[in-house]
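In what follows, a single structure is set out as C-alpha coordinates and then discussed.
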Amino acid sequence: MGRLDNKVAVITGAASGIGRATALRFAAEGAKVVVADIDEATGTKLAGEIGGTYVHVDVADEASVEALYAKTSETYGGIDVLFNNAGISPADDDSILTTGIDAWRRVQEVNLTSVYLCCRYGIPHLQKRGGGSIINTASFVAVMGSATSQISYTASKGGVLSMSRELGVQFAREGIRVNALCPGPVNTPLLQELFAKDPERAARRLVHVPMGRFAEPEEIASAVLFLASDDSSFVTASTFLVDGGIGGAYVTPL
(Lines give C-alpha, C1' and ligand atoms only; values in the text may rest on other atoms or scores of the structure.)
Protein backbone atom coordinates (compact mmCIF):
# COMPACT_ATOMS: atom_id res chain seq x y z
CA MET A 1 0.00 0.00 0.00
CA GLY A 2 1.32 3.44 -0.92
CA ARG A 3 1.89 5.93 1.86
CA LEU A 4 -0.55 8.37 0.24
CA ASP A 5 -3.15 5.97 -1.15
CA ASN A 6 -6.55 7.65 -1.55
CA LYS A 7 -5.11 11.05 -0.63
CA VAL A 8 -5.63 14.19 -2.70
CA ALA A 9 -2.64 16.53 -2.73
CA VAL A 10 -2.28 20.04 -4.12
CA ILE A 11 1.28 21.18 -4.91
CA THR A 12 1.98 24.79 -5.86
CA GLY A 13 5.08 25.49 -7.90
CA ALA A 14 4.80 21.89 -9.05
CA ALA A 15 6.16 22.27 -12.57
CA SER A 16 9.85 22.34 -11.64
CA GLY A 17 12.44 21.79 -8.92
CA ILE A 18 11.27 20.55 -5.54
CA GLY A 19 7.63 20.77 -6.60
CA ARG A 20 8.12 18.52 -9.60
CA ALA A 21 10.13 15.95 -7.65
CA THR A 22 7.43 15.89 -4.98
CA ALA A 23 4.63 15.51 -7.52
CA LEU A 24 6.38 12.48 -8.98
CA ARG A 25 6.97 11.00 -5.52
CA PHE A 26 3.43 11.62 -4.30
CA ALA A 27 1.97 10.00 -7.40
CA ALA A 28 4.24 6.98 -6.95
CA GLU A 29 2.91 6.68 -3.39
CA GLY A 30 -0.71 6.57 -4.56
CA ALA A 31 -1.84 10.18 -4.27
CA LYS A 32 -4.08 12.02 -6.68
CA VAL A 33 -1.92 15.05 -7.44
CA VAL A 34 -3.00 18.51 -8.56
CA VAL A 35 -0.12 20.21 -10.34
CA ALA A 36 -0.67 23.89 -9.58
CA ASP A 37 1.62 26.27 -11.42
CA ILE A 38 1.72 29.36 -13.60
CA ASP A 39 3.66 27.48 -16.32
CA GLU A 40 0.86 25.86 -18.27
CA ALA A 41 2.93 23.93 -20.81
CA THR A 42 5.26 22.29 -18.30
CA GLY A 43 2.53 21.79 -15.71
CA THR A 44 0.18 20.12 -18.18
CA LYS A 45 2.92 17.79 -19.34
CA LEU A 46 3.79 16.74 -15.80
CA ALA A 47 0.14 16.16 -14.90
CA GLY A 48 -0.15 13.88 -17.91
CA GLU A 49 2.93 11.92 -16.85
CA ILE A 50 1.60 11.20 -13.38
CA GLY A 51 -2.11 10.86 -14.13
CA GLY A 52 -2.90 14.02 -12.20
CA THR A 53 -4.61 17.31 -12.98
CA TYR A 54 -3.04 20.61 -13.96
CA VAL A 55 -4.58 23.81 -12.62
CA HIS A 56 -3.24 27.18 -13.69
CA VAL A 57 -2.72 29.40 -10.64
CA ASP A 58 -1.16 32.72 -9.77
CA VAL A 59 -0.38 32.13 -6.11
CA ALA A 60 -0.23 35.86 -5.39
CA ASP A 61 -3.80 36.37 -6.63
CA GLU A 62 -6.57 35.69 -4.12
CA ALA A 63 -9.27 34.71 -6.60
CA SER A 64 -6.90 32.38 -8.43
CA VAL A 65 -5.93 30.56 -5.23
CA GLU A 66 -9.55 30.22 -4.08
CA ALA A 67 -10.46 28.79 -7.49
CA LEU A 68 -7.58 26.29 -7.30
CA TYR A 69 -8.99 24.59 -4.21
CA ALA A 70 -12.59 24.80 -5.40
CA LYS A 71 -11.67 23.04 -8.64
CA THR A 72 -9.61 20.41 -6.81
CA SER A 73 -12.45 19.62 -4.45
CA GLU A 74 -14.93 19.51 -7.32
CA THR A 75 -12.67 17.14 -9.29
CA TYR A 76 -11.65 14.76 -6.51
CA GLY A 77 -14.26 15.23 -3.80
CA GLY A 78 -11.94 16.76 -1.21
CA ILE A 79 -8.36 17.63 -0.28
CA ASP A 80 -5.98 15.97 2.18
CA VAL A 81 -2.54 17.50 1.61
CA LEU A 82 -1.37 21.02 0.78
CA PHE A 83 2.25 21.50 -0.25
CA ASN A 84 2.58 25.27 -0.48
CA ASN A 85 5.86 25.37 -2.31
CA ALA A 86 5.78 28.13 -4.95
CA GLY A 87 8.37 30.86 -4.58
CA ILE A 88 10.81 33.15 -6.35
CA SER A 89 14.32 34.44 -5.75
CA PRO A 90 14.93 37.22 -8.31
CA ALA A 91 18.26 38.91 -8.97
CA ASP A 92 16.99 42.33 -7.86
CA ASP A 93 16.41 41.02 -4.33
CA ASP A 94 19.83 41.62 -2.79
CA SER A 95 21.25 43.72 0.05
CA ILE A 96 18.78 45.89 1.92
CA LEU A 97 20.83 48.87 0.69
CA THR A 98 20.14 48.08 -2.97
CA THR A 99 16.80 46.23 -3.01
CA GLY A 100 14.00 48.53 -4.13
CA ILE A 101 10.52 48.54 -2.67
CA ASP A 102 8.96 47.01 -5.80
CA ALA A 103 11.36 44.05 -5.67
CA TRP A 104 10.69 43.68 -1.94
CA ARG A 105 6.92 43.63 -2.42
CA ARG A 106 6.98 41.19 -5.32
CA VAL A 107 8.96 38.61 -3.35
CA GLN A 108 6.73 39.05 -0.31
CA GLU A 109 3.62 38.55 -2.43
CA VAL A 110 4.84 35.38 -4.13
CA ASN A 111 6.70 33.80 -1.20
CA LEU A 112 4.70 34.83 1.86
CA THR A 113 1.29 36.19 0.91
CA SER A 114 0.80 33.14 -1.30
CA VAL A 115 1.22 30.83 1.69
CA TYR A 116 -1.30 32.91 3.63
CA LEU A 117 -3.75 32.62 0.74
CA CYS A 118 -3.17 28.90 0.24
CA CYS A 119 -3.73 28.20 3.92
CA ARG A 120 -6.70 30.56 4.17
CA TYR A 121 -8.54 28.89 1.31
CA GLY A 122 -7.09 25.38 1.71
CA ILE A 123 -7.70 24.77 5.42
CA PRO A 124 -11.53 24.75 5.16
CA HIS A 125 -11.25 21.86 2.69
CA LEU A 126 -9.06 19.94 5.15
CA GLN A 127 -11.57 20.68 7.91
CA LYS A 128 -14.27 19.06 5.79
CA ARG A 129 -12.07 15.96 5.56
CA GLY A 130 -11.63 15.89 9.33
CA GLY A 131 -7.89 16.59 9.12
CA GLY A 132 -4.91 16.64 6.82
CA SER A 133 -1.35 17.83 6.39
CA ILE A 134 0.04 21.18 5.27
CA ILE A 135 3.69 21.59 4.36
CA ASN A 136 4.86 25.14 3.77
CA THR A 137 8.23 25.68 2.11
CA ALA A 138 10.33 28.00 4.24
CA SER A 139 14.14 27.76 4.13
CA PHE A 140 17.22 27.33 6.25
CA VAL A 141 17.69 31.11 5.82
CA ALA A 142 14.65 31.52 8.09
CA VAL A 143 16.80 30.38 11.02
CA MET A 144 20.26 31.65 9.97
CA GLY A 145 21.81 34.87 8.75
CA SER A 146 23.85 35.39 5.60
CA ALA A 147 26.33 38.04 4.46
CA THR A 148 25.23 37.34 0.87
CA SER A 149 21.79 38.64 1.62
CA GLN A 150 18.57 38.35 -0.36
CA ILE A 151 16.72 40.48 2.11
CA SER A 152 13.11 40.06 0.97
CA TYR A 153 13.53 36.32 0.34
CA THR A 154 14.98 35.85 3.83
CA ALA A 155 12.24 37.90 5.46
CA SER A 156 9.53 36.09 3.52
CA LYS A 157 10.79 32.69 4.60
CA GLY A 158 10.95 33.84 8.23
CA GLY A 159 7.30 34.78 7.87
CA VAL A 160 6.43 31.38 6.43
CA LEU A 161 8.17 29.71 9.36
CA SER A 162 6.32 31.76 11.98
CA MET A 163 2.96 31.41 10.24
CA SER A 164 3.37 27.64 9.97
CA ARG A 165 4.13 27.34 13.67
CA GLU A 166 1.06 29.38 14.58
CA LEU A 167 -1.25 27.43 12.29
CA GLY A 168 0.16 24.12 13.51
CA VAL A 169 -0.79 25.04 17.06
CA GLN A 170 -4.16 26.57 16.18
CA PHE A 171 -5.49 23.60 14.20
CA ALA A 172 -3.76 20.71 16.00
CA ARG A 173 -6.91 19.44 17.72
CA GLU A 174 -8.77 19.40 14.41
CA GLY A 175 -6.34 16.84 13.05
CA ILE A 176 -4.66 19.35 10.74
CA ARG A 177 -0.89 19.29 10.94
CA VAL A 178 1.12 22.27 9.67
CA ASN A 179 4.88 22.12 9.31
CA ALA A 180 7.53 24.38 7.81
CA LEU A 181 9.96 22.59 5.53
CA CYS A 182 13.35 24.32 5.69
CA PRO A 183 15.60 23.03 2.90
CA GLY A 184 19.23 23.92 2.60
CA PRO A 185 20.57 24.81 -0.87
CA VAL A 186 19.03 22.50 -3.46
CA ASN A 187 20.28 21.63 -6.94
CA THR A 188 17.38 23.23 -8.81
CA PRO A 189 17.25 25.56 -11.83
CA LEU A 190 17.32 28.54 -9.42
CA LEU A 191 20.59 27.37 -7.87
CA GLN A 192 22.10 26.44 -11.23
CA GLU A 193 21.34 29.96 -12.42
CA LEU A 194 23.18 31.33 -9.39
CA PHE A 195 26.21 29.21 -10.24
CA ALA A 196 26.17 30.44 -13.81
CA LYS A 197 25.76 34.10 -12.90
CA ASP A 198 28.00 34.31 -9.84
CA PRO A 199 30.22 31.26 -9.22
CA GLU A 200 32.07 33.00 -6.39
CA ARG A 201 28.86 33.70 -4.50
CA ALA A 202 27.71 30.13 -5.02
CA ALA A 203 31.03 28.75 -3.81
CA ARG A 204 30.71 30.81 -0.62
CA ARG A 205 27.53 28.86 0.10
CA LEU A 206 28.88 25.39 -0.62
CA VAL A 207 31.79 25.70 1.82
CA HIS A 208 29.31 25.91 4.71
CA VAL A 209 27.59 22.59 3.94
CA PRO A 210 29.10 19.84 6.16
CA MET A 211 28.07 17.16 3.67
CA GLY A 212 30.05 18.98 0.97
CA ARG A 213 27.26 19.13 -1.63
CA PHE A 214 23.86 20.58 -2.31
CA ALA A 215 20.68 18.56 -1.90
CA GLU A 216 18.93 16.95 -4.84
CA PRO A 217 15.22 17.75 -5.29
CA GLU A 218 14.34 14.09 -4.74
CA GLU A 219 15.90 14.23 -1.26
CA ILE A 220 13.68 17.14 -0.31
CA ALA A 221 10.67 15.35 -1.83
CA SER A 222 11.32 12.46 0.55
CA ALA A 223 11.08 14.84 3.49
CA VAL A 224 7.84 16.29 2.13
CA LEU A 225 6.42 12.78 1.76
CA PHE A 226 7.22 12.05 5.39
CA LEU A 227 5.44 15.21 6.54
CA ALA A 228 2.46 14.52 4.26
CA SER A 229 2.02 10.91 5.33
CA ASP A 230 0.76 9.32 8.53
CA ASP A 231 4.38 8.47 9.37
CA SER A 232 4.58 12.00 10.83
CA SER A 233 1.26 11.80 12.68
CA PHE A 234 2.71 13.43 15.84
CA VAL A 235 4.69 16.13 14.04
CA THR A 236 3.18 19.59 13.80
CA ALA A 237 4.26 23.23 14.21
CA SER A 238 7.81 22.05 13.52
CA THR A 239 10.82 23.66 11.90
CA PHE A 240 11.80 20.72 9.70
CA LEU A 241 15.39 21.33 8.62
CA VAL A 242 16.71 19.30 5.69
CA ASP A 243 19.95 21.17 5.23
CA GLY A 244 22.92 18.78 5.08
CA GLY A 245 24.01 19.93 8.54
CA ILE A 246 24.33 23.66 7.81
CA GLY A 247 22.25 24.65 10.83
CA GLY A 248 24.50 22.69 13.17
CA ALA A 249 27.87 23.72 11.74
CA TYR A 250 30.58 26.03 13.03
CA VAL A 251 33.60 24.74 11.11
CA THR A 252 33.00 22.25 8.30
CA PRO A 253 35.24 19.32 7.32
CA LEU A 254 38.09 19.82 4.86
Side-chain angles (χ1 to χ4, degrees), residues 3 11-29 37 39 42 46 49-50 83-91 93-95 107 110-111 115 135-158 160-161 164 179-229 231-232 235 238-254:
R3 292 162 75 182
I11 302 174
T12 64
S16 65
I18 294 170
R20 174 182 170 82
T22 303
L24 291 167
R25 187 66 187 275
F26 275 18
E29 293 286 345
D37 205 283
D39 184 343
T42 307
L46 175 60
E49 290 175 12
I50 62 175
F83 180 29
N84 301 322
N85 169 69
I88 58 172
S89 180
D93 178 19
D94 201 83
S95 165
V107 172
V110 176
N111 289 7
V115 175
I135 305 98
N136 295 325
T137 300
S139 170
F140 75 108
V141 303
V143 297
M144 300 183 70
S146 173
T148 54
S149 182
Q150 297 166 287
I151 190 62
S152 190
Y153 181 89
T154 298
S156 72
K157 295 303 185 180
V160 170
L161 179 60
S164 302
N179 292 289
L181 177 73
C182 295
V186 183
N187 184 22
T188 63
L190 275 176
L191 191 77
Q192 291 163 11
E193 184 179 359
L194 173 65
F195 261 109
K197 286 188 173 179
D198 195 338
E200 182 182 355
R201 194 173 184 183
R204 287 183 70 184
R205 285 161 163 75
L206 185 57
V207 73
H208 294 288
V209 186
M211 293 186 74
R213 64 175 179 85
F214 296 137
E216 292 300 322
E218 292 76 15
E219 293 177 298
I220 307 302
S222 292
V224 182
L225 173 62
F226 169 71
L227 292 173
S229 75
D231 287 349
S232 59
V235 180
S238 75
T239 303
F240 202 84
L241 279 163
V242 188
D243 67 352
I246 296 172
Y250 174 45
V251 178
T252 58
L254 294 173

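This is a predicted model, so every value here is computed, not measured.
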Separation of T137 OG1 from N179 CG (nearest 0.5 Å) = 11.5 Å
task = Enter the distance from D94:CG to S152:OG here, rounded to the nearest 0.5 Å.
result = 11.5 Å
key: Any side-chain heavy-atom pair of V115 and T12 under 4.5 Å   = no
query = Less than 4.5 Å apart, any side-chain heavy atom of K157 and any of Q150?
reply = no
query = Could you state the interatomic distance from CD (E219) to CG (N187), rounded to the nearest 0.5 Å?
reply = 10.0 Å
message = Please report the interatomic distance CE(M211) to CG(D243), rounded to the nearest 0.5 Å.
response = 10.0 Å
inquiry  = With heavy-atom distances below 4.5 Å as the criterion, would you say the side chains of V224 and F26 are in contact?
reply    = yes
ask   = For A223 and V242, which heavy atoms make the closest approach, and how far apart are they?
value = CB-CG2, 3.7 Å
query = Are any non-hydrogen side-chain atoms of R205 and T148 less than 4.5 angstrom apart?
reply = yes
key: Flag side-chain contact, heavy atom, 4.5 Å: V143 against L241   = yes
request  = For the residue pair S232 and F240, establish whether any side-chain heavy-atom pair is separated by less than 4.5 Å.
outcome  = no
task = Using side chain to side chain contact (heavy atoms under 4.5 Å, CB included) as the criterion, point out the one residue from V141, D93, V107, N111 that pairs with T154.
result = V141
query = Closest approach of E29 and R3, non-hydrogen atoms and distance?
reply = OE1-N, 3.0 Å
remark   = Residues T22 and F83: closest non-hydrogen pair is OG1-CE2, 3.6 Å
Closest heavy-atom pair and its distance - A27, I50 = CB-CB, 3.7 Å
task = Take V209 and T252 through the side chain to side chain contact (heavy atoms under 4.5 Å, CB included) test and state the conclusion after the steps.
result = CA-CA 7 Å; V209 186; T252 58; over 6 Å; no
inquiry  = Side chains of P185 and I246, heavy atoms from C-beta outward: is any pair under 4.5 Å?
reply    = yes
query = When rounded to the nearest 0.5 angstrom, what distance separates CG in L181 from CG in N84?
reply = 11.5 Å
message = Return the CD1 to CZ distance between I220 and R25, rounded to the nearest 0.5 Å.
response = 12.5 Å
Non-hydrogen side-chain atoms of V186 and P217 separated by less than 4.5 Å = yes
ask   = Minimum heavy-atom separation for T239 to C182, with atom names?
value = CG2-SG, 3.8 Å
remark   = Closest non-hydrogen contact found for A249 with P210 is CB-CG, 3.7 Å
